[in-house]
Visitor: 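Have a look at this one.
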Protein chains: 2
Amino acid sequence: MSTLYDMSPTIDYDAPTPPYQQIAAEIIRDIESGKLAVDRPIPSESTLIQRWGVARDTARRAVRHLRELGFVYTVPQRGTYVRDRTGSETE
Amino acid sequence: MSTLYDMSPTIDYDAPTPPYQQIAAEIIRDIESGKLAVDRPIPSESTLIQRWGVARDTARRAVRHLRELGFVYTVPQRGTYVRDRTGSETE
DNA sequence: TAAGATTTGTGCGTATGTATT
DNA sequence: TAATACATACGCACAAATCTT
């Protein structure tokens with residue numbers, strides 16, 4: 001037990017950026033590093049909640065932020081996936 | 001219909017404890033009184049939903065609470081059962 | 001073998017109340 | 001006042017395993 005996510009990042013509540021942005025930034029790193037591939041799901045809300053120890057509200061803010069930045073797209077009742085960002089930016 | 005559970009308890013939304021804890025407390029009483037025996041299933045989520053008139057989220061919170069307190073264990077796709085609490089507490 | 005019901009697991013959308021900054 | 005965060009609650013939909021018919 002406890003091997004997979006021992007390296008999970010932690011929220012820095014003293015940082016200038018709010019928690020939801022720290023979580024989003026971490027996911028962006030995983031997208032740009034290829035750990036999260038196009039059309040593959042990003043961690044679920046409950047996963048983010050557990051891994052970061054934040055409230056659902058904060059996890060949802062992070063996902064919404066990623067969506068607004070164009071990194072992911074959400075399919076209702078299914079999940080949120082990495083968006084293909086090659087080529088045009090306008091969907 | 002309506003004879004067996006006319007005496008079913010009701011949620012007090014003005015109480016200091018949240019609904020999910022009130023539901024859990026009632027189940028704990030049933031466990032400790034012997035109405036719910038070891039390795040016997042506690043009411044299913046849908047039963048709790050109907051009997052207490054709450055949302056599934058609330059019913060699940062109650063069950064999760066019982067699990068965290070060590071009163072029950074859940075078998076996926078089967079149900080949640082009363083845990084044997086005699087002897088050691090550690091697993 | 002197959003269909004249907006049951007039950008838990010999961011994901012998402014939304015809302016209210018409280019607290020902190 | 002506003003933004004952020006946490007806790008709680010209600011609703012809907014689909015998946016997967018199990019059990020019944």
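So that the names make sense, note that chain A is the first sequence line, chain B the second, and so on, each numbered from 1.
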Visitor: Atom CD1 in B:Ile31, atom CD in B:Glu26: separation rounded to 0.5 Å?
Guide: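 If I round to the nearest 0.5 Å, the distance is 11.0 Å.
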Visitor: Hey, what are the protein-to-nucleotides 16-19 of chain D N/O distances that come in under 3.5 Å?
Guide:
residue : atom : partner : partner atom : Å
D:dA16  : N3   : B:Gln77 : NE2          : 3.3
D:dT18  : O3'  : B:Arg78 : NE           : 3.2
D:dC19  : OP1  : B:Arg78 : NE           : 3.0
D:dC19  : OP1  : B:Arg78 : NH1          : 2.5
D:dC19  : OP1  : B:Arg78 : NH2          : 3.0

Visitor: Can you tell me how far apart CD1 (B:Ile23) and CZ (B:Arg61) are? Round to the nearest 0.5 Å.
Guide: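 With rounding to 0.5 Å, CD1 (B:Ile23) is 11.5 Å from CZ (B:Arg61).
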Visitor: When the distance from OH of B:Tyr20 to P of C:dT16 is rounded to whole Å, what number comes out?
Guide: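 Distance check: B:Tyr20 OH to C:dT16 P gives 21 Å.
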Visitor: All N/O contacts under 3.5 Å from nucleotides 19-21 of chain C to the protein, with atom names and distances to one decimal?
Guide:
none

Visitor: Once you round it to whole Å, what is the distance between P of C:dT10 and CG of A:Leu48?
Guide: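 About 14 Å, once rounded to whole Å.
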Visitor: Rounded to the nearest Å, what distance is computed from the CD1 atom of residue A:Ile42 to the C1' atom of nucleotide C:dC12?
Guide: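 After rounding, the reported distance stands at 12 Å.
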Visitor: Who are the side-chain contact (heavy atoms from CB on, under 4.5 Å) partners of B:Gln77, not counting sequence neighbours?
Guide: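 B:Gln77: no side-chain contact (heavy atoms from CB on, under 4.5 Å) contacts found.
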Visitor: Is there a chain of hydrophobic side chains (I, L, V, M, F, W, Y, each step under 4.5 Å between heavy atoms) that links B:Val72 to B:Ile49?
Guide: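 As far as the 4.5 Å side-chain criterion goes, B:Ile49 and B:Val72 are not connected within one cluster.
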Visitor: Please check if the side chain of B:Gln22 supplies one atom and the backbone of B:Asp12 the other of a donor-acceptor pair under 3.5 Å.
Guide: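 Here the side-chain-to-backbone pair exists.
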Visitor: Under 4.0 Å between a side-chain N/O of B:Tyr13 and OP1 or OP2 of D:dC10, yes or no?
Guide: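 For B:Tyr13, the contact criterion (side-chain N or O under 4.0 Å from OP1 or OP2 of D:dC10) is met.
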Visitor: Can you give each donor-acceptor pair under 3.5 Å made by side-chain atoms of residues 36-44 of chain B, sequence neighbours left out, with the distance rounded to 0.1 Å?
Guide:
residue : atom : partner : partner atom : Å
B:Asp39 : OD1  : B:Tyr73 : OH           : 2.6
B:Ser44 : OG   : B:Ser46 : OG           : 3.2
B:Ser44 : OG   : B:Thr47 : N            : 3.2
B:Ser44 : OG   : B:Thr47 : OG1          : 2.9

Visitor: Which residues in residues 52-65 of chain B have a heavy atom closer than 4.0 Å to any atom of DNA chain D?
Guide: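 Here the set is B:Val54, B:Ala55, B:Arg56, B:Asp57, B:Thr58, B:Arg61.
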Visitor: Minimum heavy-atom separation for B:Ala24 to B:Ala62, with atom names?
Guide: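 Closest approach of B:Ala24 to B:Ala62: CB-O, 3.9 Å.
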Visitor: ring-ring contact (aromatic ring centres under 6.0 Å, His included): which pairs involve residues 13-54 of chain B, sequence neighbours left out?
Guide: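 Listed once each, the pairs are B:Tyr20-B:His65.
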Visitor: Rounded to whole Å, please give me the gap between CG in B:Asp12 and P in D:dT8.
Guide: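 It is 17 Å, rounded to the nearest whole Å.
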Visitor: OG1 of B:Thr80 to CZ of B:Arg64: how many Å apart, nearest 0.5 Å?
Guide: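 So the OG1 of B:Thr80 and the CZ of B:Arg64 are separated by 13.0 Å.
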Visitor: Is there side-chain contact between B:Leu66 and B:Ile28, with heavy atoms separated by less than 4.5 Å?
Guide: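 In contact.
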Visitor: Of the options B:Val63, B:Val82, B:Leu48, which is the one that meets B:Ile27 in a side chain to side chain contact (heavy atoms under 4.5 Å, CB included)?
Guide: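 Single side chain to side chain contact (heavy atoms under 4.5 Å, CB included) partner of B:Ile27 among B:Val63, B:Val82, B:Leu48: B:Leu48.
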Visitor: Can you see if the side chain of B:Thr74 gets near the phosphate of C:dT8 - specifically, an N or O under 4.0 Å from OP1 or OP2?
Guide: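 For B:Thr74, the contact criterion (side-chain N or O under 4.0 Å from OP1 or OP2 of C:dT8) is not met.
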Visitor: I want to verify a distance call: between C:dT7, D:dT4, D:dT8, whose nearest atom is closest to the B:Pro18 side chain?
Guide: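 Nearest listed nucleotide: D:dT8.
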